[in-house]
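Sequence lines set the chain letters: A, B, ... in the order given, protein chains first and strands last, and positions in each chain run from 1.
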Amino acid sequence: MIQTVRGTRDILPSDMPLWHRVEAVAREAFRRYGFREIRTPIFEKTELFARGVGEATDIVHKEMYTFTDRARQGSEGESLTLRPENTASVVRAYIQHKMFADKSPGELTKLYYIGPMFRRERPQAGRYRQFYQIGVEVMGSSDDAAIEAEVMEMLDWFLKELKITNTTLLINSVGEPASRAVYLETLREAIRPNLDKLCGDCHHRFETNALRVFDCKVESCQTVVATLPTITDSLDEASRQHFEQFKAHLDARGIAYTVNPRMVRGLDYYTRTAFEIVGHDGLGAQNTLVGGGRYDGLSETIGGPPTKGFGFAFGLDRMVMALSEAEAESLRAADAPSIFIVFLGEAARAHSFVVAQQLRAAGVAVAMEFEDRKMKKAMAAADKSRATYALIVGDNEVATGKYGLKNLKTGEQESLTLDEIILRLN
RNA sequence: GCGGGUAUAGCUCAGUUGGUUAGAGCGCAAGAUUGUGGCUCUUGAGGCCGUGGGUUCGAGACCCACUACCCGCCCCA
């Protein structure tokens, strides 16, 4: 039979309550912190990602789903790409719709998005070719470190609300592009005499992105890494101060963090603040839950006005995996009807449709089967549905207008009118 | 792109050194007499044993290829 494409999957109804919960808590966080939703197209011109994300990154280099659009008369079909991330698109929209134009100096544009992204990587635990991200972008003329701190505070609330504990916030400053370039040279010079002690992957990293040598898991590489200068040592003064302020803001908010001078992030556009939140439970090797940073200058890269920016994205798939078993179970349990109608006989069946209609009109989640079954079977179905109550409708009930409302948890049963039942459930 | 593992019922898995009708638990269906679920008991349905080739008197088991999934590397959410 035809199955899902490698790396893609169906999210089935039994998991939907978990997804909805993560989304709902995120939206509530965004509401409280003044973010508004934006939706950008799922595909864009390839050039946007090539320039925005960076030609040299693995994402652009080997992971994009790129295709040529059908040619129109007299012109070539243009190259389009399924979005591998959303920051470039959001910044594009910010520029295209001139969101900066009606703002006072200092006023920020705070946006959030939620939707699927596409990367052609090898699937494994917590990594899919179509995956879902929720993210925010703060754009404007200000680069106050309080912006970063406030976003960390929001994430802190978000994770606590989802009862995802046992996470670590890692922060670092990667500096301005100029000082980073200087540091990269320093780093390469420091690595060069030790090249023979490094693994094959690190040789490759040395050529393409020397910063990534820090991430190597090979033990012999780590002994070399320990001797290398960190980016902190060569930060430009402005970035150093910005980082100090960021930490002070976090301290003032009581948010715990770990400075990791060796944490680097893969996308080209990051400047100054970079951060990750890593989880430790229920995730495989892909344990980065949230990643983000500052991207001053990205706007200019794709043809916009000078703009400061800061944002993050988290993987919805991974966030759902990080939910505790207990939390998942209680979310699933809440995804059940309030009332399951058990009817007996043809007349009661016809009457039940009307009862169901009235209950639903009053806002009650009602389930019922359409087949006339033995009461024992109907009760078993009610139990299986995890409904709070079974509503018993037989000939007696039809005649008197009083129905048996049985609480399936406690086993207690009362005889009530429809109005009384509706009142009971509200 | 590279490495390792797995593939048997709807689900989770057993299946001896190759041997005759393919197993369990859960789930599903029916029953334990009248309009009351959960627990228990009885019975039942449900399998091209991933696909294709090979070895053999005989393959779910062994060999090869392919495919899919899982885990890891690279990289990332």
Quiz item: Where the side chain of A:Gln133 is concerned, which of B:rG37, B:rC74, B:rA77 is the nearest nucleotide?
Solution: B:rA77

Exercise. Would you mind telling me which of B:rU36, B:rC69, B:rA77 lies closest to the side-chain atoms of A:Met379?
Key: B:rU36

Practice problem: Determine the contact category for A:Ala125: base if any of its heavy atoms lies under 4.0 Å from a base atom, sugar-phosphate if only primed atoms, P, OP1 or OP2 are that close, otherwise nothing. | Solution: sugar-phosphate

Quiz item: How many Å lie between CG on A:Asn287 and C1' on B:rC75, as a whole number?
Solution: 14 Å

Exercise. Could you check whether A:Gly404 gets within reach of a base, just the sugar-phosphate, or nothing at all, counting any heavy atom under 4.0 Å?
Key: nothing

Quiz item: A:Gln130 near the nucleic acid: base, sugar-phosphate alone, or nothing, with a heavy-atom cut-off under 4.0 Å?
Solution: nothing

Quiz item: If you measure only the distance, is there a donor-acceptor pair under 3.5 Å linking the side chains of A:Tyr132 and A:Gln130?
Solution: yes

Quiz item: Would you say B:rG31 has OP1 or OP2 under 4.0 Å from some side-chain N or O of A:Lys374?
Solution: yes

Self-check item: Short side-chain N/O contact from A:Gln124 to OP1 or OP2 of B:rG72, under 4.0 Å
Solution: yes

Exercise. Round to the nearest Å and state the distance from A:Arg122 atom CZ to B:rG5 atom C1'.
Key: 12 Å

Quiz item: Hey, does A:Arg119 reach any base, or is it just sugar-phosphate, or nothing, if we go heavy atoms under 4.0 Å?
Solution: base

Quiz item: With a 4.0 Å cut-off on heavy atoms, is A:Gly411 in touch with a base, just the backbone sugar-phosphate, or nothing at all?
Solution: base

Practice problem: Give a yes or no on whether the ring-centroid distance for A:Phe314 and A:Phe158 is below 6.0 angstrom. | Solution: yes

Quiz item: What's the closest nucleotide to the A:Lys62 side chain, out of B:rG1, B:rG37, B:rC74?
Solution: B:rC74

Exercise. Give one of base, sugar-phosphate or nothing for A:Tyr128, where a contact means two heavy atoms less than 4.0 Å apart.
Key: base

Self-check item: Sugar-phosphate, base or nothing in reach of A:Val290, heavy atoms under 4.0 Å
Solution: sugar-phosphate

Practice problem: Would you name the heavy atoms of A:Met368 and A:Ser352 that are closest together and state the gap between them? | Solution: CE-CB, 3.7 Å

Quiz item: Should A:Glu414 and A:Arg424 count as an ion pair when the cut-off is N to O under 4.0 Å?
Solution: yes

Exercise. Can you tell me the distance, in whole Å, between the CG atom of A:Leu344 and the P atom of B:rG35?
Key: 7 Å

Quiz item: Do the side-chain N and O atoms of A:Asp10 and A:Thr4 include a donor-acceptor pair separated by under 3.5 angstrom?
Solution: no

Quiz item: Is A:Asp395 side chain donor-acceptor paired with the B:rG35 base, going by distance under 3.5 Å alone?
Solution: no

Quiz item: Over how many whole Å does the gap from A:Arg83 atom CZ to B:rC76 atom C1' extend?
Solution: 17 Å

Quiz item: When we call it a touch if two heavy atoms are under 4.0 Å apart, what does A:Lys376 touch: a base, just sugar-phosphate, or nothing?
Solution: sugar-phosphate

Exercise. Check every strand shown and say whether A:Gln413 touches a base, only sugar-phosphate, or nothing at a heavy-atom separation below 4.0 Å.
Key: base

Quiz item: Looking across every strand, which nucleic acid part, if any, lies under 4.0 Å from A:Leu289 by heavy atom: base, sugar-phosphate, or nothing?
Solution: sugar-phosphate

Quiz item: Can you check the A:Glu121 CD to B:rC69 P distance for me, whole Å?
Solution: 15 Å

Quiz prompt | Rounded distance (Å) that lies between atom P of B:rC70 and atom CZ of A:Arg6 | solution = 9 Å

Exercise. Answer yes or no as to whether B:rA77 has its base stacked against A:Phe314, where stacking requires a ring-centre separation under 5.5 angstrom and planes under 30 degrees apart.
Key: no

Self-check item: SB check A:Arg272 A:Asp143 (cutoff 4.0 Å)
Solution: yes

